[in-house]
Amino acid sequence: MTRLTLSDAQWAKIAPYCAGKETDVGRTAVNNRLFIEAVLWIVRTGSPWRDLPPEFGNWNSVYKRYRRWVKSDRFSKLFNALNDSDLEYAMIDGTIVKVHRHGQGAKGGLVQAIGKSRGGMTTKIMAMVDALGNLVDFTLLKGQQHDTAGVKPLIKDKEFGALLADRAFDTDWLLLDLEERGSKAVIPPKRSRLKQRDFDKEMYKWRHLIENFFCKLKDFKKIAMRAEKTDESFAANIYLAATIIHLW
């Protein structure tokens, strides 16, 4: 049997939020756990769907079900159902992922978060993690966009005691926003500032947690190199991977 990912304890937490369980109205899924394992195998290995090992079932059937889950936002709902963020403080940052040629050229004129930067065709994952280093939320940007372009949707409607970020986020509008909401800004000032301001250097040391999260996220090869043509499929992979990271 191909190496599986989920422990019994992890599956016990995931199972109640899977569509097609026995208590749901309509058709009951044959094996929800095997389906989640199949998607995880694809996301973890970065393999094409046609290479899905046969013990997971017919690759095309599994793929079609995966696409139904993507279109119905099922992976984000699963993530949010199991998300119990500790927002004593939060951290934001961005990471670049290379876009494989298979991930380029979406049909129908759809505009995707794929842009040309120094590293070629790339996507930027802008993320917020909590005080434990677990994902709270993320947004996708074109690779060449500045990190601050993704801040507003991440902090909107969220309450946190402090925000940790590197000096790239030292902007007047963000500092003012944090002051107005009563959140502490743990952001080093840019060297170009005429008037340097103090920040909590001890608390800032915890910012490594978001870098740790990105390292764990990129252990999933289909995220480390984007092969998905659409943002919705790529985001679904991130939601599933972040769910598993949270349950480790």
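Just so it is clear, the structure is predicted and the values come from calculations on it, not from any experiment. Along the sequence shown, the residues carry numbers beginning at 1.
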Would you say the side-chain atoms of [X] pair up with the backbone N or O of [Y], donor to acceptor, closer than 3.5 Å?
X      : Y      : value
Gln196 : Lys190 : yes
Ser76  : Asp73  : yes
Lys98  : Ala224 : no
Lys216 : Glu211 : no
Thr123 : Val97  : no
Lys124 : Gln145 : yes
Asp231 : Ala113 : yes

Chi angles and distances behind the salt bridge (charged side-chain N to carboxylate O under 4.0 Å, His left out) call for Arg207, Asp93 = CA-CA 9 Å; Arg207 203 189 67 81; Asp93 204 356; 3.0 Å; yes
request  = Could you walk me through whether Phe75 and Tyr66 pass the ring-ring contact (aromatic ring centres under 6.0 Å, His included) test, one step at a time?
outcome  = CA-CA 9 Å; Phe75 291 104; Tyr66 163 78; 5.7 Å; yes
Listed partners of Glu37 passing salt bridge (Lys or Arg N to Asp or Glu O under 4.0 Å), at least two apart = none
Just wondering, are more than 12 heavy atoms of other shown residues or ligands nearer than 6.0 Å to [atom1] in [X]?
X      : atom1 : result
Lys158 : NZ    : yes
Lys221 : NZ    : no
Trp59  : CH2   : yes

request  = Taking the six-membered ring of Phe199 (Phe, Tyr or Trp), confirm whether the NZ or CZ of Lys201 is under 6.0 Å from its centre and within 45° of its axis.
outcome  = yes
task = In sequence, state the C-alpha distance, the side-chain angles, and the governing distance for Arg193 and Asp172, and then conclude on salt bridge (charged side-chain N to carboxylate O under 4.0 Å, His left out).
result = CA-CA 11 Å; Arg193 276 195 179 273; Asp172 291 338; 2.7 Å; yes
ask   = Could you go step by step and tell me if Ser233 and Val70 meet the side-chain contact (heavy atoms from CB on, under 4.5 Å) rule?
value = CA-CA 6 Å; Ser233 289; Val70 169; 4.0 Å; yes
Thr148 and Thr171 side chains, donor-acceptor separation under 3.5 Å = no
request  = Working to the nearest 0.5 Å, report the span between CD1 of Ile210 and CG of Leu135.
outcome  = 8.5 Å
query = Given Glu228 and Lys222, is the salt bridge (charged side-chain N to carboxylate O under 4.0 Å, His left out) satisfied, shown in steps?
reply = CA-CA 8 Å; Glu228 305 287 5; Lys222 207 160 190 179; 3.6 Å; yes
inquiry  = Assess the residue pair Arg33 and Asp8 against the criterion (salt bridge (charged side-chain N to carboxylate O under 4.0 Å, His left out)); give the C-alpha distance rounded to whole Å, side-chain angles, the decisive distance to 0.1 Å, and a yes or no.
reply    = CA-CA 10 Å; Arg33 183 170 183 173; Asp8 290 343; 3.0 Å; yes
remark   = For Ile92 and Ala165, the nearest pair of non-hydrogen atoms, with its separation, is CG1-CB, 3.7 Å
task = Could you pull out the closest heavy-atom pair between Gly150 and Thr139, with the gap in Å?
result = O-CG2, 3.7 Å
task = Test side-chain contact (heavy atoms from CB on, under 4.5 Å) on Ile223 and Ile125 and set out the steps.
result = CA-CA 10 Å; Ile223 296 173; Ile125 304 171; 4.1 Å; yes
inquiry  = Going by side chain to side chain donor-acceptor pair (under 3.5 Å), name the pairs with one or both residues in residues 39-49, residues two or more places apart or in two chains.
reply    = Thr5-Arg44, Thr45-Ser47
ask   = How far apart are the C-alpha atoms of Leu174 and Phe169, what are their side-chain angles, what is the distance that settles it, and do they pass the side-chain contact (heavy atoms from CB on, under 4.5 Å) test?
value = CA-CA 8 Å; Leu174 179 55; Phe169 297 89; 4.1 Å; yes
request  = Go through Gln10 and Trp248 one step at a time and tell me if the side-chain contact (heavy atoms from CB on, under 4.5 Å) criterion holds.
outcome  = CA-CA 8 Å; Gln10 288 172 323; Trp248 276 345; 3.2 Å; yes
